[in-house]
Undergrad: 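Structure in structure tokens, see below.
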Amino acid sequence: MQIIDNINSLWGDDLKQSIKSGAKLKIAASCFSIYAYEALKKELEKVESLEFIFTAPAFVPNEVSDKISKERKEFHIPKQQRERSLYGSDFEIQLKNKLTQRAIAKECAEWIRRKAKFRSNNTKASMQQFACLNTKGSKTAYTPLHGFTAVDLGYQQGDAVSNFINKFDDASSAATYLQLFEQIWNDGSML
């Protein structure tokens with residue numbers, strides 16, 4: 001096990017070194033940001049696939065019923081924070097100010113169409129946040145995570161006092177996290 005402190009050693013740099021051609025990346029986190037994609041664009045092109053689970057309900061359509069709910073009558077219903085983070089979290093404001101958001105979003109959307117699948121936890125139960133990287137010769141797990149943003153990768157300053165991530169690259173620990181991810185991913189009642 002290795003501890004990544006996101007000050008002297010960054011999770012993003014570790015992913016850049018660890019992602020090999022044909023790797024499968026599996027992430028369970030609260031949010032996904034296009035700026036995390038931008039930071040790892042070259043490496044993410046190498047992956048065979050990304051499977052991403054939003055750990056709390058996100059982008060889930062409201063249940064349809066014949067009755068019109070009061071929410072539908074409101075003029076504006078603000079999006080939840082995890083959905084707004086798709087185009088940058090509050091701490092990625094410097095990146096937003098570069099005015100490259102549209103180009104990055106376009107590139108990211110094209111990459112998602114080719115390589116990524118997203119699902120959302122639609123239960124009220126909380127879910128642990130972690131990432132797994134499965135390459136031909138090795139398996140690695142990272143935990144705990146908050147989200148998949150430039151802040152979580154260590155490339156932008158956030159408001160957390162600490163942002164330690166444990167890296168498990170021994171076969172049995174990483175395999176346990178991969179098995180957990182697969183179990184959740186394949187359970188249609190949860191996602």
Side-chain angles (χ1 to χ4, degrees), residues 1-56 58 81-82 85-86 88-89 91-92 108 111-112 115-121 125-187 190-191:
M1 183 183 86
Q2 174 187 351
I3 296 177
I4 299 170
D5 65 7
N6 269 336
I7 297 169
N8 300 307
S9 61
L10 306 179
W11 183 40
D13 290 347
D14 191 83
L15 283 173
K16 284 181 178 183
Q17 292 175 348
S18 300
I19 294 175
K20 306 289 184 228
S21 183
K24 293 180 181 179
L25 182 58
K26 300 168 187 290
I27 301 174
S30 61
C31 58
F32 176 94
S33 168
I34 62 173
Y35 296 111
Y37 161 79
E38 180 192 32
L40 299 175
K41 181 172 35 175
K42 182 178 162 191
E43 290 73 23
L44 290 175
E45 269 308 317
K46 296 178 192 175
V47 301
E48 181 182 315
S49 65
L50 166 72
E51 294 176 344
F52 191 98
I53 299 173
F54 287 100
T55 54
Q81 179 60 36
R82 62 188 162 271
S85 293
L86 176 64
S89 69
F91 300 103
E92 293 172 317
C108 184
W111 176 82
I112 286 172
K115 299 204 177 200
K117 291 182 182 174
F118 290 83
R119 295 187 180 166
S120 183
N121 175 2
S126 62
M127 184 179 166
Q128 189 173 3
Q129 300 183 69
F130 60 96
C132 301
L133 183 61
N134 189 357
T135 59
K136 290 177 181 152
S138 66
K139 295 177 172 102
T140 307
Y142 301 92
T143 188
L145 301 180
H146 300 287
F148 188 65
T149 67
V151 173
D152 297 301
L153 293 172
Y155 296 136
Q156 292 292 310
Q157 185 68 34
D159 68 346
V161 173
S162 65
N163 193 11
F164 282 14
I165 296 172
N166 298 313
K167 176 184 178 180
F168 297 95
D169 50 8
D170 63 283
S172 63
S173 296
T176 302
Y177 279 99
L178 274 166
Q179 183 181 10
L180 174 62
F181 188 95
E182 290 299 326
Q183 178 185 349
I184 295 167
W185 185 261
N186 294 316
D187 187 343
M190 295 176 69
L191 302 180

Undergrad: How close do Ser120 and Ala56 get, counting heavy atoms only, and between which atoms?
TA: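 In terms of heavy atoms, the two residues are closest at OG-O, 3.4 Å.
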Undergrad: About how many Å separate OG of Ser33 and CG of Asp152, when rounded to the nearest 0.5 Å?
TA: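 Taking CG in Asp152 and OG in Ser33, the distance rounds to 9.0 Å.
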Undergrad: Once side chain to side chain contact (heavy atoms under 4.5 Å, CB included) is applied, do any residues pair with Ile3, and if so which ones, sequence neighbours excluded?
TA: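 Ile3: side chain to side chain contact (heavy atoms under 4.5 Å, CB included) contacts with Met1, Phe164, Asn166.
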Undergrad: If you measure only the distance, is there a donor-acceptor pair under 3.5 Å linking the side chains of Thr135 and Ser138?
TA: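 Looking only at side-chain atoms, Ser138 and Thr135 do form a donor-acceptor pair, the distance falling under 3.5 Å.
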Undergrad: Count the heavy atoms belonging to other residues, nucleotides or ligands that lie under 6.0 Å from CD of Gln2, then report whether that count exceeds 12.
TA: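 Yes, enclosed.
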Undergrad: Decide yes or no for Asp5 and Asn163: does some side-chain heavy atom of the first lie under 4.5 Å from some side-chain heavy atom of the second?
TA: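 The answer is no; the side chains never approach within 4.5 Å.
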Undergrad: Nearest 0.5 angstrom please: Gln157 CD to Ile7 CD1, how far?
TA: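 Going from the CD atom of Gln157 to the CD1 atom of Ile7 covers 8.0 Å.
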Undergrad: Measure the shortest side-chain to side-chain distance between Trp11 and Phe148 over non-hydrogen atoms and say whether it is less than 4.5 angstrom.
TA: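 Counting from C-beta outward, Trp11 and Phe148 do come under 4.5 Å.
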Undergrad: Side-chain contact test, heavy atoms from C-beta onward, threshold under 4.5 Å: evaluate it for Leu145 versus Ile165 and give yes or no.
TA: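 Result yes, sub-4.5 Å side-chain heavy-atom pair found.
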Undergrad: Give a yes or no on whether the backbone of Ala125 and the side-chain of Asn121 come within a donor-acceptor separation of less than 3.5 Å.
TA: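 Such a contact is found between Asn121 side chain and Ala125 backbone.
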Undergrad: Which value, rounded to the nearest 0.5 Å, describes the distance between Gln179 atom CD and Cys132 atom SG?
TA: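 The CD atom of Gln179 sits 11.0 Å away from the SG atom of Cys132.
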Undergrad: Compare every heavy atom of Ala28 with every heavy atom of Thr55, then report the nearest pair and how far apart it is.
TA: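 So the minimum-distance heavy-atom pair works out to CG2-C, 3.6 Å.
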Undergrad: In chain order, what residues pass the side chain to side chain contact (heavy atoms under 4.5 Å, CB included) check against Ala29, with sequence neighbours excluded?
TA: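 Partners of Ala29 by the side chain to side chain contact (heavy atoms under 4.5 Å, CB included) criterion, ordered by chain and then number, come out as Ile27, Phe52, Gln129.
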Undergrad: Just how far is it from atom CD1 of Ile53 to atom CE of Met190, taken to the nearest 0.5 Å?
TA: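 Spacing of CD1 (Ile53) from CE (Met190) equals 8.0 Å.
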Undergrad: Using 0.5 Å steps for rounding, measure from the CZ atom of Phe54 to the CZ atom of Phe118.
TA: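 Reported to 0.5 Å precision, the distance equals 5.5 Å.
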Undergrad: Quick check: do Leu133 and Lys139 have side-chain heavy atoms less than 4.5 Å from each other?
TA: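 Counting from C-beta outward, Leu133 and Lys139 never come under 4.5 Å.
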Undergrad: Can you name the residues that form a salt bridge (charged side-chain N to carboxylate O under 4.0 Å, His left out) with Lys117, not counting sequence neighbours?
TA: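 Salt bridge (charged side-chain N to carboxylate O under 4.0 Å, His left out) list for Lys117, sorted by chain: empty.
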Undergrad: Would you please name every residue forming a side chain to side chain contact (heavy atoms under 4.5 Å, CB included) with Glu182, sequence neighbours left out?
TA: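 Result, side chain to side chain contact (heavy atoms under 4.5 Å, CB included) vs Glu182: Lys26, Glu51, Asn186.
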Undergrad: Rounded to the nearest 0.5 Å, what's the gap from CG on Leu50 to CG on Leu44? Could you check?
TA: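 With rounding to 0.5 Å, CG (Leu50) is 7.5 Å from CG (Leu44).
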Undergrad: For a side chain to side chain donor-acceptor pair (under 3.5 Å) with Tyr155, tell me which candidate from Asn6, Asp13, Thr149 qualifies.
TA: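 Between Tyr155 and the candidates, side chain to side chain donor-acceptor pair (under 3.5 Å) is satisfied uniquely by Asp13.
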Undergrad: Please output the side-chain donor-acceptor pairs of residues 16-25 that fall under 3.5 Å, not counting sequence neighbours, one pair per line with the distance.
TA:
{"unit_1": "Ser18", "atom_1": "OG", "unit_2": "Asp14", "atom_2": "O", "d": "2.8"}
{"unit_1": "Lys20", "atom_1": "NZ", "unit_2": "Gln17", "atom_2": "O", "d": "2.8"}

Undergrad: Just say parallel, tilted or perpendicular for the rings of Phe130 and Phe181, cut-offs at 30° and 60°.
TA: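 If you compare the ring of Phe130 with that of Phe181, the planes turn out perpendicular.
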Undergrad: Carefully, step by step, assess Glu43 and Leu15 under the rule side chain to side chain contact (heavy atoms under 4.5 Å, CB included).
TA: CA-CA 8 Å; Glu43 290 73 23; Leu15 283 173; over 6 Å; no
Undergrad: Taking only residues two or more places apart in sequence, or in another chain, which ones meet Phe168 in a ring-ring contact (aromatic ring centres under 6.0 Å, His included)?
TA: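 Counting only residues at least two positions away or on another chain, Phe168 forms a ring-ring contact (aromatic ring centres under 6.0 Å, His included) with Tyr177.
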